[in-house]
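Working notes for the structure below.
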Amino acid sequence: MAAAKEIRTKIASIKSTQKITGAMQMVAASKMRKAQDRMAASKPYSEKMLQVISHLARATPEYRHSFMAVERPHKRVGYIVVSSDKGLCGGLNSNLFRRLVVDIKEKRAVGTEPAFCTIGSKALGFFKRFGGDVKAQVTNLGDKPHIEDLIGPVKVMLDAFEAKELDAIYVASNEFVNTMTQRPMIRQLVPIVGEEQSAMPYHWDYIYEPDARTVLDALLTRYIESLVYQAVVENGACEQASRMVAMKSASDNAGDLISELQLVYNKARQAAITQEISEIVSGAAAV
Amino acid sequence: MAMTIHVDIVSAEGAIHSGQATMVYATAELGEVGIAPRHTAFISRLKPGDVRVENEQGEQEHFYVSGGMLEVQPHVVTVLADTAIRARDLDEAAALDAKRRAEEALAGHTAQFEYAKAQAELAEAIAQLRAIEKLRKMKG
């Protein structure tokens, strides 16, 4: 009966693991919904800002902020790498890092050196192992990231850009496609792309207080911060979705394992009973 | 019906207020401004302080913003708030605490950088206190 007892303990331990993964799955599902709400809530701010910025850029063509300047040849580029703080979320972080490594190799092949800013402890841990010039980092943002926590690290990168130490800054994060799919993405942050230069239908301009430059400078920094914030929030939604899926498959696998072990246990128990009966019968026959 | 202007107060972390107003007051960089419907296009930085929105019933709603941008078009006012939370929710104790800490930091400042930071903190704490006092007066 020794084998049967071992199997029984094993089943019990897998059952308790299954309970944990099941609970984590449900927690991740509810956190994912909240993270998606936050994603939606951050959109109007940056959209509105982009509107104002593109208007200002058109209204004051003689002033080009360095963030909107034409691209210069890339000698050094910066990456803001957004990752999760916790593990157990499937291949989310490792997929992103793999994508990043491919990108860095391509850049190095043409003589461009990368520098990094990490958000989340997984990215920090990765660069500790992988090596790399990490200029700034922030960890433990929690489920509700705040823009205040991001201002510092983003400023480090923007300052480096303005001092011409970096020629471009990218954000590496996961894009939330749907619950089942998260796609690692590397997007260019500065110089700002995607600002269309269509002619204004009729000319009008703001009254500026104190003047256009000050307003534009303040807007641009905030706009970039909000883009990074969005990437962080989106990555948070990805983390929860990915964790939910990973925990679901872990629970399913535990279920399969339990039913297989149950079968083995039943067989072992039956074998023990059969053996006992045959021993009794042969004992009785001997008497 | 009175003329109204649409007001949106948004921060990076979410929308705070959206609705019609007959008048909007805000603390712009060069002084307090009042925005009536059909105001000309205007853009300014905001100082820490409260944004008041007067609706058609003549009621005023207060929103504390710790800085941001104010954008005005004839039919829309947009406040791009840095961090805006409902003025009622402001914790007076926290503001006092921040003020005390800022003052302590001012007293024993060592570097230029810390001095500037402390001064900014002090300005914000004072603005928060003022917003709370105004609310108190209205209620009491």
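Heavy-atom basis, side chains included; hydrogens, waters and symmetry copies ignored. Here is the naming used below: chain letters follow the sequence lines, and residue numbers restart at 1 for every chain.
Contacts of A:Val52 with chain B are made by side-chain atoms alone, with heavy-atom separations under 4.5 Å and no backbone atom involved. Residue contact with chain B, scored on non-hydrogen atoms closer than 4.5 Å, is absent for A:Arg38. Proximity to chain B (any heavy atom under 4.5 Å) is shown, for A:Ser46, by neither the backbone nor the side chain. Contacts of B:Glu71 with chain A are made by side-chain atoms alone, with heavy-atom separations under 4.5 Å and no backbone atom involved.
Around atom CZ of A:Arg76, more than 12 heavy atoms belonging to other residues, nucleotides or ligands sit under 6.0 Å away.
Across all non-hydrogen atoms, the minimal contact from A:Tyr206 to B:Phe42 is CD2-N, 3.5 Å. Closest approach of A:Ala218 and B:Arg45 over heavy atoms only: CB-CD, 3.7 Å. Considering all non-hydrogen atoms of both residues, B:Ala12 and A:Ser42 come closest at O-CB, 3.2 Å.
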Could you go through residues 235-244 of chain A and list every donor-acceptor pair under 3.5 Å that involves a side-chain atom there, pairing it with any protein atom two or more places apart or in another chain?
| from | atom 1 | to | atom 2 | distance (Å) |
| --- | --- | --- | --- | --- |
| A:Asn235 | OD1 | A:Asn174 | N | 3.1 |
| A:Asn235 | OD1 | A:Asn174 | ND2 | 3.1 |
| A:Glu239 | OE2 | A:Arg243 | NH1 | 3.3 |
| A:Glu239 | OE2 | A:Arg243 | NH2 | 3.0 |
| A:Ser242 | OG | A:Cys89 | O | 2.5 |
| A:Arg243 | NE | A:Leu88 | O | 3.2 |
| A:Arg243 | NH2 | A:Gly87 | O | 2.7 |

Output side-chain donor-acceptor pairs under 3.5 Å for residues 117-124 of chain A, partner residues at least two apart or in another chain, one line each.
| from | atom 1 | to | atom 2 | distance (Å) |
| --- | --- | --- | --- | --- |
| A:Ser121 | OG | A:Asp85 | O | 2.8 |
| A:Ser121 | OG | A:Asp85 | OD1 | 3.3 |

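Neither side chain, B:Glu13 nor A:Tyr45, offers a donor N or O lying under 3.5 Å from an acceptor on the other.
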Inset, instruction - Using the side-chain contact (heavy atoms from CB on, under 4.5 Å) rule, take A:Ile207 and B:Ile43 through it: C-alpha gap first, then chi angles, then the decisive distance, then the call. - result: CA-CA 6 Å; A:Ile207 298 173; B:Ile43 195 160; over 6 Å; no

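Taking A:His146, A:Met49, A:Lys43, A:Lys144 one by one and counting their heavy-atom pairs under 4.5 Å with chain B, the maximum is reached by A:His146.
You'll find the side chain of A:Leu219 reaches within 4.5 Å of the side chain of B:Leu80, heavy atoms only.
Of the charged side-chain nitrogens involved, none lies within less than 4.0 Å of a carboxylate oxygen, so that B:Asp8 and A:Lys48 do not count as a salt-bridged pair.
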